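For clarity, every value in this text was computed on a predicted model and none was experimentally measured. Starting from 1, each residue takes its place in the sequence as its number.
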Amino acid sequence: MMMRTAADETPTDDADVQPFRGARWKRRIFGAVTLLLVGLLLFAWAQRNSIADRFVQSAFAARGVTATYKIDTIGFRTQRIRDLVIGNTARPDLTAKLVEIDVALNFSGANLRDVRADGVMLRGRYANGKMSFGELDKFTDPKSTEPLELPDIALSLKNAQAQIETPWGVFNAAANGSGLLRNRFTANLSVRSLGIAVADCSTSALKFDGKLMLEWRQPRLVGPISATAAKCADAGITIAAPRLDADIQLSERFNGWEGTLGYAAANLVIPTAQMRDVAGKLTVDGDLKRTNFALLLDKAALRSAPLSVGRLQLDSQGYAGLANGRLALSVAGNAALANGALDRGTVG
């Protein structure tokens, strides 16, 4: 039987034990902190809808915006909101059945990248050279004199509608389209108006069915514009079934235009004369105060008291615009006619 004595024990070096214990405690602290952070992230993720709800509420409240909505999904990349209503619920400025937002995460934070909207209804008003969308105006600087700038995002619209009130009439529009707002956005657009009036001129049952494109922030309209009738009372002009085949580029502020308009009408009545089967092209460049134009009349049959013409052609230039609430018009050019005849009274 062997006995171990104290002399046989191997001495332990305290310098070797202390680093081991310190490393172990550091690992425990690091593990506890990691678990705590993971727990906080899991809790935040579980409560993400309520957190996002409070964030959105704060953003609306800070601007004094009246809004209601339902948060559907909040993710790292995609956020989804349903039944969005901004403005007076009796007549809201904006409603949307579904809005999906994609964000891009980078070193500067989260940036809005894509917006997809379904079932949108927007109401606005154009007056005194400015466009207003009610409560939505609170998201812009009221002291800024700069025009409304389109955001640098991709937008997809489905079943979108808008109603715009102007001094000339109310326009109702419907659109479906997608693209980059500042560069290449394209949508199928339909516009209707019961009637519009500018100075003493008016049209009835106006409609447009074509394309809306945003090219470097400037809207471009391509497609036919038609009405059942148009007239200018002071000038004594009436037009039956006018039609314009438009390719018009508008300015960013919607107060300037340039482009071409192919035109046609079943009947055109001016003082002491009447034209039928009218067709030609109009080129315009200007704004409401003054628009320079070139008017080409390809064909028209003319009937007047002294003269009847089987085919009338015009090549002219001029300008038109509103001056002190009245329409100003000046035109000069050349005319050609074929199959013309003077009436008997004139010959006599």
Is a donor on one side and an acceptor on the other found under 3.5 Å between the side chain of [X] and the backbone of [Y]?
| X | Y | result |
| --- | --- | --- |
| Thr228 | Ser204 | yes |
| Ser193 | Val170 | yes |
| Asp200 | Asp234 | yes |
| Glu135 | Ile86 | no |

- [ ] For the pair Leu98 and Arg80, evaluate side chain to side chain contact (heavy atoms under 4.5 Å, CB included) and give the outcome as yes or no after the intermediate values.
- [x] CA-CA 7 Å; Leu98 174 65; Arg80 185 180 295 113; 3.2 Å; yes
Testing the basics here: between [X] and [Y], what is the closest heavy-atom pair and its distance to 0.1 Å?
| X | Y | value |
| --- | --- | --- |
| Phe208 | Val222 | CZ-O, 3.7 Å |
| Phe171 | Leu206 | CE2-CD2, 4.0 Å |
| Ala173 | Leu189 | CB-CD1, 4.0 Å |
| Leu337 | Val309 | CB-CG1, 3.5 Å |
| Asp287 | Trp257 | C-CZ2, 3.2 Å |
| Asp114 | Arg116 | CB-NH1, 4.0 Å |

Quick one: [atom1] on [X] to [atom2] on [Y], what's the gap to the nearest 0.5 Å?
| X | Y | atom1 | atom2 | value |
| --- | --- | --- | --- | --- |
| Lys299 | Leu314 | NZ | CG | 14.5 Å |
| Lys138 | Thr66 | NZ | OG1 | 5.5 Å |
| Ser316 | Phe293 | OG | CZ | 6.0 Å |
| Ile153 | Arg182 | CD1 | CZ | 9.5 Å |
| Leu94 | Leu84 | CG | CG | 5.5 Å |

Do [X] and [Y] touch side chain to side chain, with heavy atoms closer than 4.5 Å?
| X | Y | result |
| --- | --- | --- |
| Thr203 | Pro242 | no |
| Leu157 | Phe185 | yes |
| Ile196 | Thr166 | no |
| Leu181 | Leu214 | yes |
| Glu100 | Val115 | no |
| Leu212 | Pro219 | yes |

Examine [X] and [Y] and state if one hydrophobic cluster contains both, with Ile, Leu, Val, Met, Phe, Trp and Tyr joined whenever side-chain heavy atoms are less than 4.5 Å apart.
| X | Y | value |
| --- | --- | --- |
| Ile237 | Leu322 | yes |
| Leu342 | Leu302 | yes |
| Val191 | Met213 | no |
| Ile164 | Val198 | yes |
| Leu221 | Trp168 | yes |

Can you give the donor-acceptor pairs under 3.5 Å from side chains of residues 243-251 to other protein atoms, not counting sequence neighbours?
| residue | atom | partner | partner atom | Å |
| --- | --- | --- | --- | --- |
| Arg243 | NE | Asp245 | OD1 | 3.2 |
| Arg243 | NH2 | Asp245 | OD1 | 3.0 |
| Asp247 | OD1 | Arg220 | NE | 2.9 |
| Asp247 | OD1 | Arg220 | NH2 | 3.1 |
| Asp247 | OD2 | Arg220 | NH2 | 3.0 |
| Gln249 | NE2 | Gln218 | O | 3.0 |
| Ser251 | OG | Phe254 | N | 3.4 |
| Ser251 | OG | Asn255 | N | 3.2 |
| Ser251 | OG | Asn255 | OD1 | 2.9 |
| Ser251 | OG | Gly256 | N | 3.1 |

If you look only at distance, which donor and acceptor atoms sit under 3.5 Å apart when one is on a side chain in residues 118-128 and the other is two or more places apart or in another chain?
| residue | atom | partner | partner atom | Å |
| --- | --- | --- | --- | --- |
| Asp118 | OD1 | Asn159 | ND2 | 3.2 |
| Arg123 | NH1 | Pro92 | O | 3.1 |
| Arg125 | NE | Glu165 | OE1 | 3.3 |
| Arg125 | NH2 | Glu165 | OE1 | 2.9 |

Open item on the list: The test is side chain to side chain contact (heavy atoms under 4.5 Å, CB included); show your working for Asp93 and Phe133 and say whether it passes.
Closed with: CA-CA 6 Å; Asp93 301 306; Phe133 295 102; 5.5 Å; no
Which pairs would a plain distance check flag for residues 262-285, meaning a side-chain donor or acceptor within less than 3.5 Å of a matching protein atom at least two apart in sequence or in another chain?
| residue | atom | partner | partner atom | Å |
| --- | --- | --- | --- | --- |
| Tyr263 | OH | Leu296 | O | 2.9 |
| Asn267 | OD1 | Gln274 | NE2 | 3.0 |

Open item on the list: Check this for me, if you would: do Asp209 and Arg192 make a salt bridge, where the nitrogen-to-carboxylate-oxygen distance has to be below 4.0 angstrom?
Closed with: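 The answer is yes: the pair qualifies as a salt bridge.
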- [ ] Take Arg82 and Lys97 through the test side chain to side chain contact (heavy atoms under 4.5 Å, CB included) and record every step on the way to the result.
- [x] CA-CA 5 Å; Arg82 295 185 182 275; Lys97 292 181 180 179; over 6 Å; no
Open item on the list: Let's go through Gln313 and Leu297 carefully: what are the C-alpha distance in whole Å and the side-chain angles of both, what is the deciding distance for side chain to side chain contact (heavy atoms under 4.5 Å, CB included) to 0.1 Å, and is it a yes or a no?
Closed with: CA-CA 5 Å; Gln313 294 177 302; Leu297 177 64; 5.7 Å; no
- [ ] Step through the shown structure and confirm whether more than 12 heavy atoms of other residues, nucleotides or ligands are within 6.0 Å of CG on Leu194.
- [x]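 For Leu194, atom CG is not crowded (no more than 12 foreign heavy atoms under 6.0 Å).
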